[in-house]
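The structure under discussion appears below in the form of structure tokens.
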Amino acid sequence: MRWKTFVSLVSVALIGGCEDSTGLDDGRFSEPEKFEWSGEVAPAARIEIKNINGDLRARPGSDGMVRVRAVKQGKNDAPSSVRIEVLGTPQGVTICAVYPDVPGQPPNQCLPGLDGQLSSHNNDVEVTFEIEVPTGCSFFGGTIAGSVEAAGLAGYVHARTLAGDIDISTSGIADAATNLGRITASIGRVGWDRDLAFRTLAGDVTLRVPPGTHADVRGSTIGGSISTDFPLSITQVGGWRILQGRLGNGGRSLTITTGSGDIALLSG
């Protein structure tokens with residue numbers, strides 16, 4: 001697995017014991033190893049988690065502190081073989097699960113945004129993250145094999161996975177993409193400062209936007225149905241069903257696509 005990614009390191013805190021590198025051969029996971037980190041960030045900071053194998057779960061924080069807890073477990077590989085790197089950036093903080101390098105392969109590097117290089121190199125350790133996101137901060141969550149959940153946030157949410165479901169609720173705005181999985185999202189802000197897209201290759205997409213939203217909408221599915229609470233057109237073009245039209249006075253674009261799944265654009 002390989003994923004080009006976002007920032008480097010500041011501090012690491014590991015809690016728990018190390019496992020024998022031979023792992024377990026009876027199908028059970030090894031004894032978990034835990035990671036905890038917390039830090040204060042500026043208002044409207046960007047909180048970024050970059051994972052490879054495992055779920056991400058984000059919840060609102062209450063005191064301006066970012067709190068991150070992770071659990072690492074492996075079957076054939078030791079949890080201690082995967083380290084968590086934490087990097088302070090001008091925008092906020094980036095946290096990565098960094099797997100061991102392999103000779104002859106590009107080294108893993110935790111960097112912010114689309115920069116860097118992260119690969120598991122077939123290491124089977126799973127890392128599950130739980131994150132507390134302060135009010136008003138944005139959350140950027142990405143993994144390769146796992147789900148992304150961001151519940152009750154108050155800022156921009158940007159969620160990505162290759163194989164897993166995405167569930168988002170925020171009083172701000174959001175976008176999401178997965179290759180194999182469903183997307184369920186609810187956004188609360190009427191005014192958008194960017195175009196938004198919700199895309200999956202195989203799965204349903206259910207999106208709720210508030211009444212009074214102004215956007216230009218285009219959606220498509222080749223193997224599913226389309227339903228909406230808004231006065232938008234639904235047409236058949238070849239094998240595709242197309243959703244198209246304008247919410248309110250129009251404005252930023254809203255794109256909803258799935259290769260084989262249903263689309264629901266709802267008000268609320």
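In what follows, every heavy atom counts, from backbone to side chain, and hydrogens, waters and symmetry copies are set aside.
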### Task
Would you please indicate yes or no on a ring centroid separation below 6.0 angstrom for F140 and H158?
yes
### Message
Looking at G164, is its backbone amide N or carbonyl O close enough to the side chain of S147 to form a donor-acceptor pair, meaning the two atoms are under 3.5 Å apart?
### Response
no
### Query
Are the side chain of Q236 and the backbone of G238 linked by a donor-acceptor contact shorter than 3.5 Å?
yes
### Message
Given 3.5 Å as the limit, does a donor-acceptor pair link the side chain of D101 with the main chain of N108, or not?
### Response
yes
### Message
Exactly one of N51, V68, I47 should register a side-chain contact (heavy atoms from CB on, under 4.5 Å) with I95. Which one does?
### Response
V68
#### Entry: Taking every non-hydrogen atom, the tightest pair across V190 and P211
CG2-O, 3.9 Å
### Task
Look at the side chain of D204 and the backbone N and O of D262, then say whether any donor-acceptor pair between them is shorter than 3.5 Å.
yes
### Query
What is the minimum heavy-atom distance between V125 and K72, and which atoms define it?
CG1-CB, 4.1 Å
### Message
Filter on salt bridge (Lys or Arg N to Asp or Glu O under 4.0 Å), then keep only pairs touching residues 178-194, sequence neighbours left out; what's left?
### Response
D165-R182, D167-R182, R189-D193
### Query
So, for D175 and I168, which heavy atoms are closest and what is the spacing to 0.1 Å?
O-CD1, 4.0 Å
### Message
Within the structure provided, determine whether T221 and I226 are in side-chain contact (heavy-atom separation under 4.5 Å).
### Response
yes
### Query
Can you find a heavy atom in the side chain of E48 that is under 4.5 Å from one in the side chain of Q91?
no
### Task
Answer yes or no on whether R69 is positioned over the face of F35, meaning its NZ or CZ is under 6.0 Å from the six-membered ring centre and within 45° of the axis.
no
### Query
Less than 4.5 Å apart, any side-chain heavy atom of L265 and any of D229?
no
### Task
Examine the side chains of D216 and S253 and answer whether a donor and an acceptor come within less than 3.5 Å of each other.
no
### Query
Of all heavy-atom pairs between G92 and A45, which one has the smallest distance, and what is that distance?
CA-CB, 4.0 Å
### Summary
Shortest non-hydrogen pair, S220 vs I242, comes out as CB-CD1, 3.7 Å
### Query
So V98 and V82, side-chain contact (heavy atoms from CB on, under 4.5 Å) or not? Walk me through it.
CA-CA 6 Å; V98 182; V82 178; 5.9 Å; no
### Message
Which residues pass the side-chain hydrogen bond (donor to acceptor under 3.5 Å, both in side chains) test with E40, not counting sequence neighbours?
### Response
none
### Query
Can you tell me if S169 uses its side chain to pair, donor with acceptor, with the backbone of G152 under 3.5 Å?
yes
### Message
Pair E149, R59 - check salt bridge (charged side-chain N to carboxylate O under 4.0 Å, His left out), show working.
### Response
CA-CA 9 Å; E149 180 182 343; R59 298 288 187 273; 2.8 Å; yes
#### Entry: Pair V71-F129, side-chain contact (heavy atoms from CB on, under 4.5 Å): steps then yes or no
CA-CA 7 Å; V71 177; F129 282 92; over 6 Å; no
### Query
Heavy atoms, side chains only, cut-off 4.5 Å: are T258 and I263 in contact?
yes
## Note on the structure
Of all heavy-atom pairs linking P79 and E31, the shortest is CG-O, 3.8 Å
### Task
Give the intermediate values and the outcome of salt bridge (charged side-chain N to carboxylate O under 4.0 Å, His left out) for residues K75 and D124.
CA-CA 7 Å; K75 290 183 179 179; D124 73 358; over 6 Å; no
